[in-house]
Colleague: 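One structure coming up, written as structure tokens, with questions to follow.
All chains are named by letter (A, B, ...) in the order of the sequence lines, taking the proteins before the strands, and each is independently numbered beginning at 1.
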2 protein chains.
Amino acid sequence: MKTQLKKGTLDMCVLAVLAQADSYAYELVSKLSQGMDISEGTIYPLMRRLQNELWVSTYLVESSSGPSRKYYKLTDNGRRELESMRREWQEFVAEVENVLRGGPAAMTEEAPQ
Amino acid sequence: MKTQLKKGTLDMCVLAVLAQADSYAYELVSKLSQGMDISEGTIYPLMRRLQNELWVSTYLVESSSGPSRKYYKLTDNGRRELESMRREWQEFVAEVENVLRGGPAAMTEEAPQ
DNA sequence: ACAAGATACCTTGTATTGCAAGGTATCTTT
DNA sequence: AAAGATACCTTGCAATACAAGGTATCTTGT
């Protein structure tokens with residue numbers, strides 16, 4: 001999967017997953033990896049960003065199958081941001097599809113050759 | 001419009017516009033600017049890339065309203081690449097929408113708290 | 001008891017790309 | 001001659017995804 005396409009969408013995807021249930025970074029990677037590639041090197045800095053923006057809060061939970069997990073929980077702020085991101089995403093997709101359809105109002109000037 | 005979302009899509013958008021008619025960088029900016037922001041600082045390096053990949057060829061045309069224009073024309077190679085990009089784009093959008101819908105097959109493990 | 005493997009956390013450095021800011025030259029209009 | 005539009009271009013910066021590497025914990029096999 002093309003790396004560049006993901007830019008800007010992974011935040012939204014992570015927030016969307018967290019909107020369903022709290023989760024931790026390692027699990028988020030495996031969840032998202034089912035459909036799109038995402039690696040640990042991506043998720044940890046990303047989660048830090050989400051936390052800095054106050055879109056998620058964290059709590060530690062001991063696991064019976066390994067080291068403690070740092071769970072992330074969507075904040076009210078994060079929920080609002082997710083909705084905002086959704087809107088922007090839909091508008092963006094609509095515009096790209098428009099261009100792909102031959103959309104950007106072909107100027108009235110014929111091309112040579 | 002969010003900068004990051006555009007990454008990876010602008011190449012495709014430019015190729016799609018060129019699939020309709022040859023054009024030059026300055027005009028491409030004004031065409032695409034109708035729906036999505038794109039600036040000259042973006043387009044020139046981008047066109048260079050497309051040319052290096054042999055997806056477009058160029059020819060100069062004198063203008064009666066300013067300096068000569070460097071027209072870009074989609075190559076056969078570029079046309080194939082455009083189709084490939086379209087497919088990847090559609091798959092990508094489908095997967096993101098899937099995640100947004102709550103898609104990534106919720107693992108059978110309940111989150112605490 | 002020890003090694004191996006899975007789970008879970010993290011950082012560093014690199015590549016790509018979009019963009020603001022700045023620069024040059026041409027042509028038309030005033 | 002000056003101003004503005006057209007058209008080309010480069011440099012340096014910011015954001016983000018990721019490979020590669022590192023640490024620690026817990027379970028399982030031998």
Colleague: With W55(B), which of R79(B), R80(B), E81(B) fulfils side chain to side chain contact (heavy atoms under 4.5 Å, CB included)?
Modeller: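 Only match with W55(B) under side chain to side chain contact (heavy atoms under 4.5 Å, CB included): E81(B).
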Colleague: Can you name the nearest heavy-atom pair linking Q20(A) to G102(B), along with the distance?
Modeller: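 Smallest interatomic distance, heavy atoms only, reads NE2-CA, 3.1 Å.
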Colleague: Could you tell me which non-hydrogen atom of S68(B) sits nearest to which non-hydrogen atom of L60(B), and how far apart they are?
Modeller: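 Result for this residue pair: CB-CD2, 4.5 Å.
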Colleague: Quick one: salt bridge (charged side-chain N to carboxylate O under 4.0 Å, His left out) partners of E83(B), sequence neighbours excluded?
Modeller: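 Partners of E83(B) by the salt bridge (charged side-chain N to carboxylate O under 4.0 Å, His left out) criterion, ordered by chain and then number, come out as R86(B).
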Colleague: Distance check needed: dA5(D) C1' versus R69(B) CZ, whole Å only.
Modeller: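 The distance from CZ of R69(B) to C1' of dA5(D) comes to 12 Å, rounded to the nearest Å.
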Colleague: Please give, in whole Å, the distance from dT16(D) P to N52(A) CG?
Modeller: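 Those two atoms, CG and P, are 12 Å apart.
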Colleague: Parallel, tilted or perpendicular: which one describes the rings of Y71(A) and Y59(A), with boundaries at 30° and 60°?
Modeller: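 Parallel, since the angle between the ring planes stays under 30°.
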Colleague: Please give, in whole Å, the distance from dA5(D) C1' to Y26(B) OH?
Modeller: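 Whole-Å distance recorded here is 7 Å.
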Colleague: Just by protein heavy atoms under 4.0 Å, how would nucleotides 23-30 of chain C read 5' to 3' in B, S and -?
Modeller: ---BSS--
Colleague: From the list dT11(C), dC8(D), dC9(C), which nucleotide is the closest neighbour of the side chain of R48(A)?
Modeller: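 Looking only at side-chain atoms, R48(A) lies closest to dT11(C).
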Colleague: In whole Å, what is the span from the OH atom of Y24(B) to the C1' atom of dA5(D)?
Modeller: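 These atoms are roughly 12 Å apart.
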Colleague: Where is the tightest heavy-atom contact between L54(B) and N77(B), given as atom of each residue plus distance?
Modeller: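 Here L54(B) and N77(B) meet closest at O-CB, 3.5 Å.
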Colleague: Applying the side chain to side chain contact (heavy atoms under 4.5 Å, CB included) criterion to V93(A), which one of E97(A), Q90(A), E91(A) satisfies it?
Modeller: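 That would be E97(A); it is the only one of E97(A), Q90(A), E91(A) passing the side chain to side chain contact (heavy atoms under 4.5 Å, CB included) with V93(A).
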Colleague: Just how far, in rounded Å, is P of dT16(D) from CG of L5(B)?
Modeller: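 Answer to the nearest Å: 10 Å.
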Colleague: For M47(A) and dA17(D), give me the distance from atom CE to atom C1', rounded to whole Å.
Modeller: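 Distance check: M47(A) CE to dA17(D) C1' gives 15 Å.
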Colleague: Mind checking the CG-NZ spacing from L32(B) to K6(B)? Nearest 0.5 Å is all I need.
Modeller: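 One gets 10.5 Å once the value is rounded to the nearest 0.5 Å.
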Colleague: Can you measure L60(A) atom CG to dC9(C) atom P for me and round it to whole angstrom units?
Modeller: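 Those two atoms, CG and P, are 9 Å apart.
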Colleague: Could you pull out the protein-nucleic contacts involving nucleotides 14-19 of chain C (nitrogen or oxygen on both sides, under 3.5 Å)?
Modeller:
from, atom 1, to, atom 2, distance (Å)
dT16(C), O2, K7(A), NZ, 3.3
dT17(C), O2, K7(B), NZ, 2.7
dG18(C), OP1, K6(B), O, 3.3
dG18(C), OP1, G8(B), N, 3.2
dG18(C), OP2, R49(B), NH2, 3.1
dC19(C), OP1, K6(B), NZ, 2.3
dC19(C), OP2, T42(B), OG1, 2.8
dC19(C), N4, G41(B), O, 3.4

Colleague: Under 4.0 Å between a side-chain N/O of Y44(B) and OP1 or OP2 of dC8(D), yes or no?
Modeller: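 Answer is yes, contact under 4.0 Å.
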Colleague: Please give me the minimum heavy-atom distance between A19(A) and L82(A), naming the atom from each residue.
Modeller: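 Scanning both residues completely, I find the closest heavy atoms to be CB-CD2, 3.9 Å.
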